[in-house]
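Chain naming here is simple, since letters A, B, ... match the order of the sequence lines and numbering starts at 1 in each. Note that the structure is predicted; figures quoted are calculated from it, not measured.
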Number of protein chains: 2
Amino acid sequence: MQDDRDMDAVFHALAHASRRRMLDILTARPGLAVGALASEFDVSRVAVMKHLAILEAAGLVVSEPDGRSRRLYFNVVPIQMIHERWTTQYSAYWAGQLTRIKYLAESATAPPSPQAKSRKKGERDGS
Amino acid sequence: MQDDRDMDAVFHALAHASRRRMLDILTARPGLAVGALASEFDVSRVAVMKHLAILEAAGLVVSEPDGRSRRLYFNVVPIQMIHERWTTQYSAYWAGQLTRIKYLAESATAPPSPQAKSRKKGERDGS
DNA sequence: CTAACGTGTAACCATAAGGTTACATTAAAG
DNA sequence: CTTTAATGTAACCTTATGGTTACACGTTAG
């Protein structure tokens with residue numbers, strides 16, 4: 001972890017609802033087999049295996065063979081590391097200094113700083 | 001937030017080192033203009049604007065027009081919400097119940113449970 | 001008013017994501 | 001040993017990502 005590419009991998013892995021659901025399922029039923037996991041989804045088994053490969057590449061899922069089957073486990077470590085990064089990197093702002101920005105986001109009309117002009121016709125805020 | 005598509009958007013936005021760096025820059029220099037931000041990167045201004053669009057769609061960046069320029073601001077709220085989700089959803093496991101799985105991940109050789117057979121030639125753990 | 005500057009838009013390109021079906025491989029059961 | 005069941009691989013398709021260059025638009029400065 002701690003490397004940019006690793007972070008890319010973890011965030012990318014988490015950027016799909018099906019993959020997040022896989023983590024939920026594996027959290028609830030550790031040691032689940034590939035086929036059993038796949039049966040929980042509408043898409044094909046191969047599609048599920050591709051998602052699994054992405055989760056494994058990110059370190060979020062680990063596995064071990066068990067006969068002709070394979071047992072899958074959720075691994076929290078990468079999430080913990082990212083969590084640590086976040087809280088340290090943005091801790092100053094979580095403390096409240098960015099309340100100014102927060103209210104800009106919630107009511108996207110008022111200027112975030114005194115010297116800023118009021119928006120006239122742009123109206124382009126984050127979606 | 002709280003919606004799956006919103007989470008997709010935030011995670012996807014964070015899944016690129018350039019975009020994370022943009023958030024860092026905007027955290028350090030709130031109100032920065034598009035061109036000034038773009039000058040920090042090797043890629044073209046248009047590429048930077050596309051990244052910005054993704055960050056804005058995720059709600060991680062908000063902006064307001066200022067003359068012929070546009071001021072950009074980092075918005076923590078989506079990250080805070082995802083953070084809350086994480087800590088509540090996985091709090092039980094962060095407490096230590098998954099230590100068994102963690103050690104599987106770190107030394108990817110020992111079986112995570114007694115009834116599991118030892119790996120023979122698979123050697124496929126999460127990369 | 002005109003020129004220059006900062007942004008936004010359009011069109012295009014290469015590659016990666018996400019999905020499919022069909023086939024190969026390995027291990028357990030009969 | 002042959003069949004069946006679980007997983008893995010290959011080839012292919014469609015759409016999204018990330019990037020480019022060229023051009024249009026609105027705003028400030030001469």
Under a 4.0 Å N-O cut-off, is there an ion pair linking E56(A) with R70(A)?
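Between R70(A) and E56(A) there is a salt bridge, with a charged N closer than 4.0 Å to a carboxylate O.
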Of all heavy-atom pairs linking L55(A) and A13(A), the shortest is CD2-CB, 4.0 Å
Tell me, with the steps shown, if H12(B) and H12(A) meet ring pair (Phe, Tyr, Trp, His ring centres under 6.0 Å).
CA-CA 6 Å; H12(B) 172 240; H12(A) 172 239; 8.0 Å; no
Are the side chain of N75(B) and the backbone N or O of L60(B) linked by a donor-acceptor pair below 3.5 Å?
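Not a single qualifying donor-acceptor pair exists.
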Can any side-chain N or O of R20(A) pair as donor or acceptor with the backbone N or O of D4(B) at less than 3.5 Å?
yes
Give every pair of a protein N or O atom and an N or O atom of nucleotides 4-6 of chain D that lie under 3.5 Å apart, one pair per line with the distance.
| from | atom 1 | to | atom 2 | distance (Å) |
| --- | --- | --- | --- | --- |
| dA5(D) | O4' | R68(A) | NH1 | 3.4 |
| dA5(D) | N3 | R68(A) | NH1 | 3.3 |

Provide, to the nearest angstrom, the distance between the [atom1] atom belonging to [X] and the [atom2] atom belonging to [N].
X: R21(B); N: dG18(D); atom1: CZ; atom2: C1'; value: 16 Å
X: D66(A); N: dT7(D); atom1: CG; atom2: P; value: 10 Å
X: D8(B); N: dT17(D); atom1: CG; atom2: P; value: 11 Å
X: I54(A); N: dG18(C); atom1: CD1; atom2: C1'; value: 8 Å

Is any side-chain nitrogen or oxygen of H16(B) closer than 4.0 Å to OP1 or OP2 of dA16(C)?
no
Less than 4.5 Å apart, side chain to side chain, heavy atoms only: is that true for I79(A) and F74(A)?
yes
Give me each pair satisfying side-chain hydrogen bond (donor to acceptor under 3.5 Å, both in side chains) with a member in residues 37-47 of chain A, each pair once, sequence neighbours excluded.
R29(A)-E40(A)
Would you please classify the geometry between the H51(A) ring and the H16(A) ring as parallel, tilted or perpendicular, with 30° and 60° separating the classes?
tilted
Tell me, which of residues 42-52 of chain A have any heavy atom that sits under 4.0 Å from an atom in DNA chain C?
V43(A), S44(A), V46(A), A47(A), K50(A), H51(A)
